[in-house]
Amino acid sequence: MIVNLEYLVFFVLLLTALLLAIKQMSVALDEIDIERFTLWTGIASVIAGLPIILW
């Protein structure tokens, strides 16, 4: 039961980080800051790929 709870917490943390990265991407686009947008896109891609890499 504890292991399942740890997985749930881990995936909720990843989802939160992904949503925050997407929010930062939106802010960068609003400010027309391509460098920051590219950085946050890369970060979001790594976060989105983590479950597959770690599974």
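Predicted model, so just to flag it, every value in this text is computed and none were measured. This chain uses plain numbering: 1 for the first residue, then up along the sequence.
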Query raised in the report: Hey, quick one: are I47 and Y7 part of the same hydrophobic cluster, counting side-chain heavy atoms closer than 4.5 Å, chains of contacts allowed?
Result: yes
Query raised in the report: Within a reach of under 6.0 Å around CG of L8, are more than 12 heavy atoms found that belong to other residues, nucleotides or ligands?
Result: yes
Requested in this report: State plainly whether one hydrophobic cluster holds both L39 and L29, where clusters connect Ile, Leu, Val, Met, Phe, Trp and Tyr through side-chain heavy atoms under 4.5 angstrom apart.
Outcome: yes
Report task. May I ask whether V46 and F37 are part of the same hydrophobic cluster, defined by side-chain heavy atoms of I, L, V, M, F, W, Y residues being less than 4.5 angstrom apart, directly or through others? Result -> no
Query - E35 vs D33, side chain to side chain contact (heavy atoms under 4.5 Å, CB included): CA-CA, chis, key distance, verdict - result: CA-CA 6 Å; E35 291 84 17; D33 188 355; 3.2 Å; yes
Requested in this report: Hey, could you give me each pair passing side chain to side chain donor-acceptor pair (under 3.5 Å) that has a residue in residues 20-32? Not counting sequence neighbours.
Outcome: E31-R36
Can you give the donor-acceptor pairs under 3.5 Å from side chains of residues 11-21 to other protein atoms, not counting sequence neighbours?
{"residue": "T16", "atom": "OG1", "partner": "V12", "partner atom": "O", "Å": "2.8"}

Report task. Please report the closest heavy-atom contact between M25 and W40, naming both atoms and the distance. Result -> CG-CB, 3.5 Å
